[in-house]
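Have a look at the structure below, then the notes.
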Amino acid sequence: MKHVLHIFSISLLCVLCAGKLSAQDPELTQFYASPIYLNPALAGSNICPRMCMSYRAQWPGIYGTYSTMAFSVDRLAYKVKGGIGLIVVNDRAAKGTLNTTGIGLIYAPTIPLSHTVSVSAAIQAGYWQKTVDWNKLTFGDMIDPKRGFIYNTDEVPGMQRKGNFDLAAGMVLSSRHFFAGVAVHHILQPNESFLNGTSILPRKYTAHAGGIIPLGESRYDESYISPNVMYQQQGDFKQLDLGIYVKKESIVGGLWYRGNDSFILLIGVESGLLKIGYSYDVTVSKLSNATAGSHEITLGYTMKCKPPKRKYRPVSCPSF
């Protein structure tokens, strides 16, 4: 069975590399724990310098192991009147057979429209690189019907590395208790093919919105309920996520439904400037018995900073 799954995963990988099918971006469940991965316009939305780290293990029950790691740092820079940010993402598929690493720099000018409403627009410029380990690939001409993989392949390896520049953009409108944003990634639609074919990475469109409903009796009590919605489309792939967060003192809980795919359970703790979150995707599709779900751990740290010279307000969005 492992050999069968291995052949299937590698065959799919080869099709994606050589054919005209379109790849998709790695996905993070805790959107707001890695905010500038969701939308570059959220750079600087927390005012003070912020560092975020995410690790996701996708479907550990399936042979191949898929994992994603993301690191970002951002802050509001008063001299340039907007947020600035840096994000690094690494995605490993099929036990490192296919690796993708991307880095992006973000500038997000912020315009206060009133004491409670502001709008941010962002541009993100970056570079990504994919690498493939051809030594880990197996092909049909290597198989003996009785003894398994014993032959050398006649397949000619393609490029080992493929990289290109890319652009993304976004916008966020926020008030005291409501926020909404849109973003588009891979504006240049780069070619990812390792061979002589064409494998375009399609643009990814994101729309997200949410609200903060205070539960505390005073403005110093940060307890709240936060309903949220997110929609993404990349090529033929479409996804609608509906969810709600509940925060009571330092504890945050969340429940999301990812249409026809999974339920997501989340628990997080915020203690001072530090926050830690864990989420588990309960797969409800036909793959549910094989995937063992998905696990995601996030860590965030906000540094102290001086009050802004102008009237900037942090975006009131969830922490995870």
TODO: Please determine which of N99, T100, T101 meets the side-chain hydrogen bond (donor to acceptor under 3.5 Å, both in side chains) test together with K130.
DONE: T100
Open item on the list: Testing the basics here: between I212 and S226, what is the closest heavy-atom pair and its distance to 0.1 Å?
Closed with: CD1-OG, 3.6 Å
Open item on the list: Looking at every non-hydrogen atom in both residues, tell me the closest pair between I264 and R258 and how far apart they are.
Closed with: CD1-NH2, 3.3 Å
Open item on the list: Angle between ring planes, F263 versus Y257, binned at 30° and 60°: parallel, tilted or perpendicular?
Closed with: tilted
Open item on the list: Under 3.5 Å, is there a donor on one side chain and an acceptor on the other for D133 and T97?
Closed with: no
Open item on the list: For the aromatic rings, using the six-membered ring if either is Trp, is the centroid distance between Y32 and F320 under 6.0 Å?
Closed with: no
Open item on the list: Donor-acceptor pair, distance only, cut-off 3.5 Å: does the side chain of S271 make one with the backbone of L274?
Closed with: no
Open item on the list: Is it the case that the side chains of Q30 and S54 hold a donor-acceptor pair, with the cut-off being a distance below 3.5 Å and no angle test?
Closed with: no
Task: Other cluster members, M69 - Ile/Leu/Val/Met/Phe/Trp/Tyr, side-chain contacts below 4.5 Å - done: Y55
- [ ] Could you tell me whether I111 atom CD1 has more than 12 heavy atoms of other residues or ligands within 6.0 Å of it?
- [x] no
Please set out all donor-acceptor pairs under 3.5 angstrom arising from side-chain atoms of residues 177-191, sequence neighbours excluded.
{"unit_1": "H186", "atom_1": "ND1", "unit_2": "D166", "atom_2": "OD2", "d": "2.6"}
{"unit_1": "H186", "atom_1": "NE2", "unit_2": "D25", "atom_2": "OD1", "d": "2.7"}
{"unit_1": "H186", "atom_1": "NE2", "unit_2": "D25", "atom_2": "OD2", "d": "2.7"}
{"unit_1": "N191", "atom_1": "OD1", "unit_2": "S193", "atom_2": "N", "d": "3.2"}
{"unit_1": "N191", "atom_1": "OD1", "unit_2": "S199", "atom_2": "N", "d": "2.9"}

TODO: State which residue, out of Q58, R56, Q239, fulfils the side-chain hydrogen bond (donor to acceptor under 3.5 Å, both in side chains) condition with E27.
DONE: Q239
Task: Where M230 and F31 come nearest, the two heavy atoms and their spacing - done: CE-CE2, 3.6 Å
Task: Non-hydrogen atoms of T110 and S118 that approach each other most closely - done: CG2-CB, 4.4 Å
Open item on the list: So which atom in A77 and which in I84 form the shortest heavy-atom distance, rounded to 0.1 Å?
Closed with: CB-CD1, 4.1 Å
Side-chain donor-acceptor pairs of residues 121-128 under 3.5 Å, sequence neighbours excluded:
none

